[in-house]
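Here the structure is a predicted model, which is why all the values come from computation and not from measurement. Numbers here simply count residues along the sequence, with the first being 1.
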Amino acid sequence: MGAAKVIGGVGSGAAGDVSFLKGLIEAGKLSTVIDRRYSLDEIAEAHRYVEAGHKKGHVVIVLEQMSR
């Protein structure tokens with residue numbers, strides 16, 4: 001089995017790019033789907049969910065305490 005590779009970071013873009021994306025979102029032409037949210041304590045469960053191939057959108061790891 002090969003080593004896992006994780007790529008992360010924050011995208012950088014010009015102010016015009018952000019403005020363009022904002023316009024698309026406001027016009028209803030661009031949206032995102034958040035499938036599930038997990039707390040940082042549940043990150044192993046989140047990985048299992050993604051690796052099982054069940055996700056239908058983004059899986060978000062929340063860095064704050066989530067209320068249940």
Side-chain angles (χ1 to χ4, degrees):
M1 182 178 264
K5 183 175 182 179
V6 176
I7 300 173
V10 176
S12 61
D17 294 340
V18 174
S19 179
F20 175 73
L21 290 174
K22 180 178 181 278
L24 289 176
I25 292 167
E26 289 173 343
K29 295 182 179 182
L30 178 67
S31 64
T32 186
V33 175
I34 297 176
D35 183 358
R36 294 200 179 176
R37 292 175 176 88
Y38 292 91
S39 70
L40 189 56
D41 292 340
E42 300 171 311
I43 198 163
E45 183 180 338
H47 276 276
R48 284 191 292 273
Y49 178 74
V50 171
E51 290 171 356
H54 299 300
K55 79 180 196 94
K56 303 288 188 233
H58 297 284
V59 173
V60 176
I61 306 300
V62 179
L63 301 178
E64 301 176 345
Q65 182 67 27
M66 289 176 41
S67 60
R68 292 192 182 226

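Taking hydrophobic clusters as Ile, Leu, Val, Met, Phe, Trp and Tyr residues chained together by side-chain heavy-atom distances below 4.5 Å, I34 shares a cluster with V62. Linking Ile, Leu, Val, Met, Phe, Trp and Tyr whenever their side-chain heavy atoms come within less than 4.5 Å puts Y38 and L63 in one cluster.
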Q: Apply the test side chain to side chain contact (heavy atoms under 4.5 Å, CB included) to residues L40 and I61: give CA-CA distance (whole Å), side-chain angles for both, the deciding distance (0.1 Å), then the verdict.
A: CA-CA 6 Å; L40 189 56; I61 306 300; 4.0 Å; yes
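The distance from the NZ atom of K55 to the OH atom of Y49 is 9.0 Å, given to the nearest 0.5 Å. The CD atom of E45 sits 7.5 Å away from the CZ atom of R36 when rounded to the nearest 0.5 Å. Distance CZ/R48 to NE2/H54: 12.0 Å, rounded to 0.5 Å.
Within 6.0 Å of NZ on K22 lie no more than 12 heavy atoms contributed by other residues, nucleotides or ligands.
Remark: the backbone N or O of V59 is not paired with any side-chain donor or acceptor of D35 at under 3.5 angstrom.
Across all their heavy atoms, K56 and V33 have their closest contact at O-CG1, 4.2 Å.
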